Amino acid sequence: MQLSLCLAMLGCGRVLTAPLGQQVLTTTGRHAGPHAKDPYSPDYRDPYGRKVDSVGDKLQPLPFRNGDGTSVLGPRNKPRERQNPDVVRPPDTDHGTIPNMRWSFADSHIRIEEGGWTRQTTIRELPTSKELAGVNMRLDEGVIRELHWHVQAEWAYVLEGSVRITALDTEGGSFVDDLKKGDLWYFPPGHPHSLQGLSENGTEFLLIFDDGNFSEDSTFLLTDWLAHVPKAVIAENFGVPPEMLDAIPEKEKYIFQGSVPGSIDEEIPKSEGYRKSKLQFTHKMLDEEPVNASGGRARIVDSTNFPISKTVAAAHLEIEPGALREMHWHPRADEWSFFIRGRARVTIFASEGNARTFDYQAGDVGIVPKNMGHFIENLSDDEPLEVLEIFRADKFEDFSLFQWLGETPRRMVKEHLFAKDKKAGEKFEKAIWNAEKDIIKANRGYDVEEKAEL
Ligand SMILES: *[C@@H]1O[C@H](CO)[C@@H](O)[C@H](O)[C@H]1NC(C)=O
Ligand SMILES: *[C@@H]1O[C@H](CO)[C@@H](O)[C@H](O)[C@H]1NC(C)=O
Ligand SMILES: *[C@@H]1O[C@H](CO)[C@@H](O)[C@H](O)[C@H]1NC(C)=O
Ligand SMILES: *[C@@H]1O[C@H](CO)[C@@H](O)[C@H](O)[C@H]1NC(C)=O
């Protein structure tokens, strides 16, 4: 049997892992049994570049690849190496120089305040984070992120707990809402707002700003402004005597402990001038009906179903056992991904033969510049993979490689890929016969290394 007749994609289901005559190995990290062989030993062979879950399988990656490479003698940061199996031993399909596309919030400086904290991933932490910046913030129960506004629009996803938001629109309409895990909000540029932790342990959320150069420290704060205006002017503005203003803060509060609020109805001003906003600043993303893919679920939110969100589009993905966020690219916006649960590997194809693979886990941020081909592979055996793909765009858009080839004249596809093997070309044609976009592909077992029956 020839190797070329049994291509992994074509339904053989079993693939050779070593040229004839060499030891045939029977393992991946995922299926390491008692007879398993360490995929980081010098004589391990895997010409297909299968995934290894070094964290889940407690393996220590080493730079040995198909007979090349050697051990590490110098100082090592082993936990970081374990988090980066495809950086320590990149697949041999990686090539060329590609800037860094991974950052972990664990490496972001935390600003600690009364009852809360905040940390950011911007173009300063991750130079490829050009279009969007992210902020991870935590507020305990009753703790307030003070009344403020900023140059950039703000989009947010509630990670845990619940939070009350307030905002004002340009018509003077007021908006107040309570959000739970999986809900979103969006504030257009310059719109004033506040946030407050509500539930027993407050809340934590991810904020996205539509400029990678955003800084969480350069927002316009109520207390900061009033601390920098002569009290006589403030007194005129509000029609109160200046002595009354001796009590106001001398500097910004930013995040501080407030009291636990009552219901929204109890809290909103009962004055004649109070007007409810006609705009909807929030969206219940996880309550939405998902797009069911063969290997998971996707929820897409952009200005078509969340009209105020004109500059941020997103997809929330749940990727099932061994499943793959299919090979695709985004035509108009860079992807800013945030990993909520699980572990994944992503190879980014940058044209001119350049490609690089990165590994991600919960709390990590990934970037994929627009038009660069990529996939997201669920690495873990036991942890679900949940990820947000976020874009500076009014609409979520992607091109599926599978769909593209399926809708292209088959003759052309075969002449591109299978000129050397007509039989394989016919099988491939069957594989793409009914090609529809399938945003997450179910595991069909071709990634599992098995002993070939010779
Ligand atoms: C709040 O945090 C405490 C301490 O970590 C924990 O025991 C409790 O279960 C949490 N409550 C909720 C509602 O998550
Ligand atoms: C980011 O903003 C800072 C401060 O406003 C500015 O000095 C810097 O040039 C900006 N960087 C980029 C890449 O736009
Ligand atoms: C997706 O699957 C869920 C659970 O199986 C089901 O309840 C829902 O109706 C499906 N949605 C669509 C759009 O088919
Ligand atoms: C990720 O894949 C593993 C198996 O490889 C599976 O056990 C886990 O549940 C998957 N994640 C999700 C979200 O299904």
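Computed from a predicted model, the values in this text were never measured in an experiment. Any value given below was found using the heavy atoms of this structure, including those in side chains, with hydrogens, waters and symmetry copies removed. In each ligand, atom 1 is the first atom listed, and ligand 1 is the first ligand listed.
Among the candidates F205, F175, Y157, W155, the single residue satisfying the ring-ring contact (aromatic ring centres under 6.0 Å, His included) test with W185 is F205. Only one option out of F209, F187, F220 pairs with H150 in a ring-ring contact (aromatic ring centres under 6.0 Å, His included); it is F209. When each of R356, R50, R345 is tested with D86 by the rule salt bridge (charged side-chain N to carboxylate O under 4.0 Å, His left out), just one qualifies, namely R345.
Considering only non-hydrogen protein atoms, atom 8 (C) of ligand 2 sits nearest to N213 ND2, 3.8 Å. Atom 7 (O) of ligand 3 has its closest protein heavy atom at E289 OE2, 4.6 Å. For atom 9 (O) of ligand 1, the closest heavy atom belonging to the protein is N201 ND2, 4.7 Å. Of the protein's non-hydrogen atoms, I123 CD1, 4.2 Å is the one closest to atom 13 (C) of ligand 2.
Atoms of ligand 3 lying under 4.0 Å from at least one heavy atom of N292, given by number and element, are 1 (C), 2 (O), 3 (C), 8 (C), 10 (C), 11 (N), 12 (C), 14 (O).
Under the 4.0 Å distance rule, the nearest protein heavy atom to atom 11 (N) of ligand 2 falls inside the cut-off. For atom 2 (O) of ligand 3, the nearest protein heavy atom lies under 4.0 Å away. Protein non-hydrogen atoms do not reach within 4.0 Å of atom 5 (O) of ligand 3.
Side-chain atoms of E386 and H316 include a donor-acceptor pair closer than 3.5 Å.
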Exercise. Going through the checks in order, is the side-chain contact (heavy atoms from CB on, under 4.5 Å) test met by T166 and L147?
Worked result: CA-CA 9 Å; T166 72; L147 289 158; 4.2 Å; yes
Exercise. Do Q83 and D359 pass the side chain to side chain donor-acceptor pair (under 3.5 Å) test, and can you show the C-alpha distance, the side-chain angles, and the key distance before you say yes or no?
Worked result: CA-CA 7 Å; Q83 289 177 14; D359 302 293; over 6 Å; no
